[in-house]
2 protein chains.
Amino acid sequence: MSIDPEPAPVSAKPPVTLREVAAAAGVSVATASKALNGQGRMTAETRERIRETARLLGFRPNSLAQSLLRKRSFTVGLLTNDTYGRFSLPLMAGVSDALVDKGVSVFLCNVEDDQRLGQLHVEAMLDKRVDGIVATGKRIDRHLPVDLSNLRIPVVYAFTQPDPGAVGLVSDDAGGARLAVEHFLRLGRRRIAHVSGPASFAVVHARAQAWRDVMRENSLAVSEPLLGAWSEAWGHDAVEKLFGRAGREGWPDAVFCGNDQIARGVIDALRERGIRVPDDVGVIGFDNWQIVAEATRPPLTSVDMNLSALGREAGLALLSLVDGQPAAPGIRKLPCRLVVRQSCGGPPQ
Amino acid sequence: MSIDPEPAPVSAKPPVTLREVAAAAGVSVATASKALNGQGRMTAETRERIRETARLLGFRPNSLAQSLLRKRSFTVGLLTNDTYGRFSLPLMAGVSDALVDKGVSVFLCNVEDDQRLGQLHVEAMLDKRVDGIVATGKRIDRHLPVDLSNLRIPVVYAFTQPDPGAVGLVSDDAGGARLAVEHFLRLGRRRIAHVSGPASFAVVHARAQAWRDVMRENSLAVSEPLLGAWSEAWGHDAVEKLFGRAGREGWPDAVFCGNDQIARGVIDALRERGIRVPDDVGVIGFDNWQIVAEATRPPLTSVDMNLSALGREAGLALLSLVDGQPAAPGIRKLPCRLVVRQSCGGPPQ
DNA sequence: GCGGGTTGGGAAAAGGTTTTCTCAGAGGGA
DNA sequence: TCCCTCTGAGAAAACCTTTTCCCAACCCGC
């Protein structure tokens, strides 16, 4: 009876190293390295032989060793406090997409609103020598619960409040609002109301101001915006306020909403009152939260903040910072786009 | 006139190394390393002095160097194809939370449904010597578009179809469905209908079967489940099918829905017909998608799959695999929980 | 035949840490 | 005094790759 050999863990053989490639090709590691990186001088034949050997052996350079030497790890950290992910996820996907092609990987760091967690993540990333950090959040007027101001590495802020002097990317909320209101105007609507979220949000004011501006530019009467919550329930209440009065002559013929949930509430409340959308009243939302916008009856026209493009831009901006290109500090605003569905009358011809 | 010195890039001084700590403390790097790691033998006084020096200098060991030596990078990869993130995000947050405390960071890899992207991400992770991979998806009966079967490193599948022989974690859909149906029964409902998503989803059958089982165990008549789409619109249609017939004696007194969107559609359609929820008909959803569940009128009781707990478990399972603990292959099901709101009559006392 | 340039390739250091081995000195027993 | 054992600490190898420097051989023209 023989003792069984140690049962091999599933394919546990270690990765092949440059040294093994060199040995197999009968050259030194230095030559092997140069052959694979297109550096140094050697006969084309030697270079090709080494390359072929590496290919055959399935050699892949150890990124850790490379990073140690180059002082560049080809990783970045992505900080977020948006657990729910409605805004973060497209953003994160955009960052990751922009970077994966350049061989840069992204550490996911969910810091909630927890100082300790933030600290923990930042230290872990620093220890792992990330080349830079993208900080994202769920609103652009709040800081993440971490201090990124004195790091050795570049930081880009996307959809969250940047430190002074840092690079920040946000969506152009005012521009997005203009898109919506001007769309209404092109369709011939004139009495355009605005229903939005809590006054504590900076975006609420930015969007309301743009709405006001466009109305005034077109010499239209402008009332106070209705500010409440980011909820369907508030959409219902707002309809009561707007359409509760007897006599339909004062009723709006369009409602521009601060987000899609409010718009959903508005549309449902209008239907319950027998007011037709879009025939009697047009509705436009904000966020273009697809699953909500497509479930309203009729489907909701909405402003899209292009968050994955924002993420991509943030990733690229960080990369150029890492490469040492100076970037203009300050906040850069990226344009929104209007996604036309059926809640404000057919698209203009 | 003197030439200005090179303007220092913002705090560009490199991190302090062990060598510097050793020099400052007047010992060798070997001794310094041992002092900080609690290894080796030296006077308590020496150890303390070195520690103090390191603290003063803000020394943090270079994780890359450590990883290179220990053949353990304290990073794992997180693969997902759920860009929208409704399921992925809590899962991902769970994985990350479980691991950050152990000093393990998580690479975010969004592979969409793109083979090439999957390949790219997997190779990047392998190059960076991740210790293991968590694969997650948006449904448990589909593979990710990557082959993880012959990797050198352990893989755990969470909420996606595992390779045969691998470790997989999913929610207990049947158990979740039982929770819902049994809740109805406790409240005295007897004619419980089931409206769910497309028959192409495995979970649809698992949930429907559990519904059927509970009904039969309680000697209740069971009809065919209504299978359609995962949408509000289908919820409306299903109500037409269930409640369209004249004569309310055959009407259900409860509807168990395959997800929250269907439930939302059902509730809205019932209200439009003047059927009261929960007085006439109770409704329970699935997924506990908070933002939907809380916006229905009345707020929706729903089955929660505990996805962040699932993520946590997946992270821990991967870690023990990485540590060499053998794990039983196969699929482990984690319990769901019922979140009671107001759509099926007051919570049982 | 010889100096100078070129060509192909290797040796070695560097990056930061951990770990094993070695060693000098101190202390103790005979 | 001699031998042995401990104790505290350092030297060096190892992890894997890149890059700089160096060297031997060859070719050319004179």
Side-chain angles (χ1 to χ4, degrees), chain A residues 12-51 53-54 57-75 103 124 126-131 152, chain B residues 12-51 53-54 57-75 103 124 126-131 152:
Chain A
K13 56 176 180 318
V16 17
T17 70
L18 186 59
R19 187 201 309 273
E20 300 173 76
V21 174
V27 296
S28 71
V29 281
T31 306
S33 172
K34 285 181 284 196
L36 297 176
N37 293 316
Q39 306 289 326
R41 286 176 317 202
M42 68 199 71
T43 47
E45 188 267 332
T46 306
R47 194 181 294 274
E48 196 40 52
R49 176 166 46 90
I50 296 173
R51 289 211 163 133
T53 311
L57 264 47
F59 169 75
R60 308 228 56 187
N62 183 332
S63 199
L64 296 170
Q66 291 181 319
S67 303
L68 189 58
L69 199 53
R70 300 191 196 160
K71 299 180 167 316
R72 179 87 190 270
S73 67
F74 289 91
T75 58
L126 257 28
D127 288 350
K128 294 195 169 108
R129 296 302 191 263
V130 292
D131 297 328
R152 271 185 303 277
Chain B
K13 57 177 182 309
V16 18
T17 69
L18 186 58
R19 187 199 311 272
E20 300 173 78
V21 174
V27 297
S28 70
V29 282
T31 305
S33 171
K34 284 180 286 196
L36 297 176
N37 293 317
Q39 304 289 326
R41 284 178 318 202
M42 67 198 71
T43 48
E45 188 269 330
T46 307
R47 193 181 296 273
E48 196 42 52
R49 176 166 46 89
I50 297 173
R51 289 212 162 130
T53 312
L57 264 48
F59 169 75
R60 307 229 56 188
N62 183 332
S63 199
L64 296 169
Q66 292 181 319
S67 302
L68 188 58
L69 199 53
R70 300 191 196 160
K71 299 177 167 318
R72 181 82 191 273
S73 67
F74 289 91
T75 58
L126 257 29
D127 289 350
K128 291 189 171 112
R129 298 299 190 264
V130 293
D131 297 329
R152 268 186 305 277

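The chains referred to below are lettered A, B, ... by the order of the sequence lines, with proteins before strands, and numbering in each begins at 1.
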K.L.:
For A:Ser28 and B:Pro15, find the nucleotide of DNA chain C closest to each by heavy atoms; which residue's nucleotide sits nearer the 5' end?
P.N.:
A:Ser28

K.L.:
For D:dC15, does OP1 or OP2 lie under 4.0 Å from any side-chain N or O of B:Arg70?
P.N.:
no

K.L.:
Quickly, which of A:Arg152, A:Arg70, A:Arg72 forms a salt bridge (charged side-chain N to carboxylate O under 4.0 Å, His left out) with A:Asp131? Name it, please.
P.N.:
A:Arg72

K.L.:
For A:Arg19 and C:dA12, give me the distance from atom CZ to atom C1', rounded to whole Å.
P.N.:
13 Å

K.L.:
Considering only side-chain heavy atoms of B:Thr31, which listed nucleotide, D:dT18, C:dT17, D:dG10, is closest?
P.N.:
D:dG10

K.L.:
Tell me if the side-chain of A:Lys34 makes a donor-acceptor pair with the base of C:dG10, cut-off 3.5 Å, by modelled atom types.
P.N.:
yes

K.L.:
What's the CG-P distance between B:Asn62 and D:dC15, to the nearest Å?
P.N.:
18 Å

K.L.:
Check whether any side-chain heavy atom of A:Lys128 sits under 4.5 Å from a side-chain heavy atom of A:Thr75, and report yes or no.
P.N.:
no

K.L.:
Between P on C:dA14 and NZ on A:Lys71, what's the gap in Å once rounded to a whole number?
P.N.:
13 Å

K.L.:
CG of A:Leu68 versus C1' of D:dT17: gap in Å, rounded?
P.N.:
9 Å

K.L.:
Is there side-chain contact between A:Arg129 and B:Pro15, with heavy atoms separated by less than 4.5 Å?
P.N.:
yes

K.L.:
Rounded to the nearest Å, what distance is computed from the CD atom of residue B:Gln39 to the P atom of nucleotide D:dG8?
P.N.:
16 Å

K.L.:
Got B:Thr17 and B:Asn62 here, is their nearest side-chain heavy-atom distance under 4.5 Å?
P.N.:
no

K.L.:
Take atom CE of A:Met42 and atom P of C:dT6, then tell me their distance rounded to the nearest Å.
P.N.:
19 Å

K.L.:
With nearest nucleotide decided by heavy atoms, which residue, B:Phe59 or B:Arg41, maps closer to the 5′ end of DNA chain C?
P.N.:
B:Phe59

K.L.:
Within this structure, what is the CD1-to-C1' distance between B:Ile50 and D:dG10, rounded to whole angstrom?
P.N.:
12 Å

K.L.:
If you look at every strand shown and take non-hydrogen atoms under 4.0 Å, does B:Thr46 touch a base, only sugar-phosphate, or nothing?
P.N.:
sugar-phosphate

K.L.:
Rounded to whole Å, please give me the gap between CG in B:Leu64 and P in D:dT17.
P.N.:
14 Å

K.L.:
Does a nitrogen or oxygen in the side chain of B:Gln66 sit under 4.0 Å from OP1 or OP2 of C:dG16?
P.N.:
no

K.L.:
Heavy-atom nearest nucleotide on DNA chain D for B:Ala30 versus B:Arg129: which residue maps closer to 5'?
P.N.:
B:Ala30

K.L.:
Taking the side chain as every heavy atom from C-beta outward, state whether B:Leu36 and B:Phe59 have any pair of such atoms under 4.5 Å apart.
P.N.:
yes

K.L.:
Would you mind classifying the nucleic acid contact of A:Thr43 as base, sugar-phosphate or nothing, using non-hydrogen atoms under 4.0 angstrom?
P.N.:
sugar-phosphate

K.L.:
Ignoring backbone atoms, establish whether B:Asn37 has a side-chain N or O less than 4.0 Å from OP1 or OP2 of C:dT18.
P.N.:
yes

